[in-house]
Amino acid sequence: MLVCKAARVGATDFLNTLPGLVVCGGSSAAGVLVNVWRLDLATLRWEAMPALEVARVGHAWCAVRSKSLVVLGGHTSSYDNDDVGERFEEVVWSSRSVEMFAAGEVAFTHQPPLSCGRIDWAAAIAVDEIDSAAGQVLLLGGYGEDDAVVSAVYLVDLATGVCTPQPNLLEARSFFAAAMLPDGRVVCAGGGA
C-alpha cells in the first residue's frame with residue numbers, strides 16, 4: 001500500500017513540473033470563441049484563463065520564454081456573450097493580429113501586427129533568442145494573403161511584428177503539426193496542401 005502511495009505522490013510531483021496543456025479560441029456550434037483553458041496535468045482539471053481579446057479560429061499559438069502564450073493570425077471576429085457564458089461571434093475574417101498573455105498579467109494584450117500579412121491555419125514554434133524584447137517564433141505554412149496554402153516560413157519578432165523570411169517548407173501545407181527537435185531542426189507532420 002505504501003509503495004502505491006509513494007508512486008502516486010512521485011507521479012503527482014513529476015506532473016507538477018510540467019507546464020500543462022492550453023487550449024485557446026476555436027469554434028463551437030455557437031460560433032468563434034475567445035475562451036482559453038489550461039489543463040493542470042497534476043490534477044487533470046481544466047482551469048479557465050483570461051479570455052482572448054479577439055475571438056479566433058485557425059490561429060497559431062505557442063508558449064514563448066516558458067511563461068508567455070502568443071496567439072497569431074487566424075480567422076478573427078469581435079465577440080459577444082451567449083446565455084451559457086461562452087463568448088463568441090459568427091462573422092470571421094483572416095487576420096494578421098497578434099496577442100500575448102504574459103506570466104503575471106491579468107489579460108491578453110495586443111502586439112504589433114504581422115508584417116507578412118494575414119495568415120491562418122499555420123503552425124508556430126518558439127525559438128531560443130536574446131535579440132527580442134518579447135520573444136520570437138517561427139511561423140510556418142498555412143493560408144496566406146491570397147487564400148492559397150503556402151510553404152513560407154517566417155521568423156517573427158513579437159516586439160515589432162516584423163516577419164523575416166526563412167527557407168520555405170519542402171511543400172505547402174496547412175492544418176499540420178510542427179515541432180523543433182533538440183538539434184534545432186524542425187519537423188512537420190500531417191496537414192494538406
Inset, instruction - May I ask you to say whether R56 pairs ionically with E99, meaning some side-chain N is under 4.0 Å from a carboxylate O? - result: yes
Inset, instruction - Would you mind reporting whether S95 and R118 have side-chain heavy atoms less than 4.5 Å apart? - result: no
Inset, instruction - Taking the side chain as every heavy atom from C-beta outward, state whether L170 and S151 have any pair of such atoms under 4.5 Å apart. - result: no
Inset, instruction - Mind checking the CD1-CD spacing from I119 to E145? Nearest 0.5 Å is all I need. - result: 8.5 Å
Inset, instruction - State, with a plain yes or no, whether a side-chain heavy atom of L169 is found less than 4.5 Å away from one of F176. - result: yes
Inset, instruction - Give the minimum heavy-atom separation between A103 and S68, together with the two atoms involved. - result: N-OG, 4.2 Å
Inset, instruction - Any chance you could measure F108, atom CZ, to C24, atom SG, to the nearest 0.5 Å? - result: 6.0 Å
Inset, instruction - Taking atom types as modelled, find out whether Q111 and T109 have a side-chain donor-acceptor pair closer than 3.5 angstrom. - result: yes
Legend entry - Exam field: side chain R173 to backbone G192, donor-acceptor pair closer than 3.5 Å: no
Legend entry - Interatomic spacing from CG in D147 to CG in D120 - rounded to 0.5 Å: 7.0 Å
Legend entry - Pairwise distance CG(D157) to CD(Q136) - rounded to 0.5 angstrom: 5.0 Å
Inset, instruction - For L33 and S28, work out which heavy atoms get closest and say how close. - result: CD2-OG, 3.9 Å
Inset, instruction - State the CG-CH2 distance between L21 and W46, to the nearest 0.5 angstrom. - result: 4.5 Å
Legend entry - Spacing of Y154 atom OH and L138 atom CG [to the nearest 0.5 Å]: 12.5 Å
Inset, instruction - Kindly indicate whether the side chain of H59, heavy atoms from C-beta on, has any atom under 4.5 Å from the side chain of W121. - result: no
Inset, instruction - Answer yes or no: is there a donor N or O on one side and an acceptor on the other, between the side chain of E47 and the main chain of R45, under 3.5 Å? - result: no
Inset, instruction - Report yes if some heavy atom in the side chain of M100 is under 4.5 Å from a heavy atom in the side chain of L158; otherwise report no. - result: yes
Inset, instruction - Flag the pair F101 / W61 as yes when at least one side-chain heavy-atom distance between them is below 4.5 Å, and no otherwise. - result: no
Inset, instruction - Please examine the side chains of L69 and V22, heavy atoms only from C-beta on, and report whether any two atoms are closer than 4.5 Å. - result: yes
Inset, instruction - For residues V54 and H110, determine if any side-chain heavy atom of one lies less than 4.5 Å from a side-chain heavy atom of the other. - result: yes
Inset, instruction - Check the pair V71, L52 against side-chain contact (heavy atoms from CB on, under 4.5 Å), reporting the backbone distance first and the verdict last. - result: CA-CA 9 Å; V71 181; L52 296 170; 3.9 Å; yes
Legend entry - Same apolar cluster: F175 and V32, side chain cutoff 4.5 Å: yes
Inset, instruction - For the pair S115 (side chain) and C163 (backbone), establish whether a donor and an acceptor sit closer than 3.5 Å, ignoring hydrogens and angles. - result: yes
Inset, instruction - Please name the residue in the list V98, V153, L114 that meets the side-chain contact (heavy atoms from CB on, under 4.5 Å) test with L139. - result: L114
